[in-house]
2 protein chains.
Amino acid sequence: MSLPHAILTALLERPSSGLELTRRFDRSIGYFWSATHQQIYRELGKLEQRGLIRALPSERPARGQKKEFEVLPAGRAELAEWASREQESKPIRDALLLRLRAAAVVGRTGLDDELRRHLAVHRRQLAEYEAIESRDFAAAADPEDRLRRLVLRAGIGLETFWVAWLEEALAEVGDMGDAEGMGDAGADDTEAGGRPGE
Amino acid sequence: MSLPHAILTALLERPSSGLELTRRFDRSIGYFWSATHQQIYRELGKLEQRGLIRALPSERPARGQKKEFEVLPAGRAELAEWASREQESKPIRDALLLRLRAAAVVGRTGLDDELRRHLAVHRRQLAEYEAIESRDFAAAADPEDRLRRLVLRAGIGLETFWVAWLEEALAEVGDMGDAEGMGDAGADDTEAGGRPGE
DNA sequence: TTCAGCATGTAATCTGTTACATGATTAG
DNA sequence: CTAATCATGTAACAGATTACATGCTGAA
């Protein structure tokens, strides 16, 4: 149930049309909560029905015409309530880690190319975040900007971690030689977190 | 499309029944790809239909009776193909970061309690990973275990990051005083990654 | 006047979540 | 024999993804 709240936050920061929101989700908010335009339009419809946002009056409201939304007081209240509610964070869900685990059983074909590719992606993302930080938050003073900077620093920290881990992984994998580990080594009991209790 | 491959990996490591898989997903594999028992049973059914796994012959196959599965050669091939295929990693999707962003607009009520709560969770998880590492991977030698250890080290790195970031966040938020920032400060143009291009 | 790009939307499908249903086994 | 637990499932729904459909606007 986070997408509607992501949209409310974005609309409070600036009233926007569906496509404008989509573009902003490709950049700022979307850095940690992505959404496609289909999701956004559907959710805008629901939020309007619930009376949390409204379309700004337009001369010609029609299909293909721009339609801007703003947050109503009920929407702000709903967002404030959600933001202060207890919520558990979801566990990690990362396909690359899963693939490494699979590679331990079916072989490491193409693994180092893939690690290198991901390393390049994370290095680029890290550089982007750092550019944003020095451009927009060189002297963050008010609480609002300090909170936004904190969020950005989470992105920087995460990308920094991935870069470091991928470098470690490449060194490890490069060190293993060409043996592919295709044999049925899966019969042993070793499993991260599992040896004694399986 | 990762859940079937997570299951294939787990079954190659050890043939199991649905509930056994569920328990293993609560620990090792589930640390980075979680799944409920309903998802697992549904997926086991599909994998069996596709001829990628089969149920081990049992005396009395019936409802309520344990039913163990093993991976067929076609399943191993499918997993090997998937593991070597190019795949993009999904962007970050974290509700806590979203809530910080919302808090910048609607106020920080209850935020520091929530940060403290998350900090405790991540500290506990980090300790758990570290215990697993020293217990199961004190002397990892073969490539299979080195890959599994690498995956575990990703978990350790991520939790380490979160602990550090949450400590930083608590210091920042504690430093902001009791002003709640409820004013309509959202009308300014500042947005992480957005100032010039919005 | 046609084409590219902007803008809004629908439909189908897949994945994940929550709630519930049912049978088998074992301890008291 | 009853309750707890193990074990396998079904159903309904919510959320996310992919593909497609439609209308408007301005430039070549």
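This one's a predicted model, so the numbers in the text were calculated from it and none came from an experiment. Basis for what follows: all heavy atoms, side chains included, without hydrogens, waters or symmetry-related copies. Just so it is clear: chains get the letters A, B, ... in the order the sequence lines come, proteins before strands, and each one is counted from 1.
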Ignoring hydrogens and angles, write down the donor-acceptor pairs under 3.5 Å from the side chains of residues 166-173 of chain A, residues two or more places apart or on other chains.
residue: A:Glu167; atom: OE2; partner: A:Arg123; partner atom: NH2; Å: 2.6
residue: A:Glu168; atom: OE2; partner: B:Arg153; partner atom: NE; Å: 2.9
residue: A:Glu172; atom: OE1; partner: B:Arg146; partner atom: NE; Å: 3.0
residue: A:Glu172; atom: OE1; partner: B:Arg146; partner atom: NH2; Å: 3.3

Take atom [atom1] of [X] and atom [atom2] of [N], then tell me their distance rounded to the nearest Å.
X	N	atom1	atom2	value
B:Ile40	C:dT15	CD1	C1'	14 Å
B:Gln49	D:dG9	CD	P	12 Å
A:His5	D:dG15	NE2	P	11 Å
B:Asp26	D:dA7	CG	P	13 Å
A:Ile7	D:dA16	CD1	P	10 Å
A:Glu20	C:dG5	CD	C1'	15 Å
A:Leu19	D:dT25	CG	P	15 Å
A:Glu68	C:dA7	CD	C1'	12 Å

Going by salt bridge (Lys or Arg N to Asp or Glu O under 4.0 Å), name the residues that satisfy it together with B:Glu81, two or more places apart in sequence or in a different chain.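 Salt bridge (Lys or Arg N to Asp or Glu O under 4.0 Å) check on B:Glu81 returns B:Arg85.
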With respect to the phosphate group of C:dT8, does any side-chain polar atom (N or O) of A:Tyr41 fall under 4.0 Å of OP1 or OP2?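 Looking at the OP1 and OP2 atoms of C:dT8, one of them is under 4.0 Å from a side-chain N or O of A:Tyr41.
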Is the phosphate of C:dG9, meaning OP1 or OP2, less than 4.0 Å from a side-chain N or O of A:Lys67?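 The answer is yes; a side-chain N or O of A:Lys67 sits under 4.0 Å from OP1 or OP2.
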Side chain of A:Trp33 only, please: which of D:dT8, D:dC6, D:dA16 is the nearest?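 Nearest nucleotide to the side chain: D:dA16.
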Looking only at the side chain of B:Arg93 (C-beta and beyond, no hydrogens), which of the listed nucleotides C:dA7, D:dA16, D:dT17 gets closest? D:dA16
Treating [X] as the side-chain partner and [Y] as the backbone partner, does any N or O pair qualify as donor plus acceptor under 3.5 Å?
X	Y	answer
A:Trp165	B:Leu150	yes
B:Ser16	B:Arg14	yes
A:His118	B:Gln87	yes
B:Thr22	B:Glu20	no

Heavy-atom nearest nucleotide on DNA chain D taken for A:Lys46 and for B:Phe69; more 5' hit belongs to B:Phe69
Closest-nucleotide 5' rank along DNA chain D - winner of A:Ala35 and B:Gly18: B:Gly18
For nucleotides 18-20 of chain D, list the nitrogen or oxygen atoms of the protein found under 3.5 Å from its nitrogen or oxygen atoms, one pair per line.
residue: D:dA19; atom: N6; partner: A:Gln38; partner atom: NE2; Å: 2.7

Residue of the set B:Glu70, B:Glu48, B:Glu68 for which salt bridge (Lys or Arg N to Asp or Glu O under 4.0 Å) holds with B:Arg54: B:Glu70
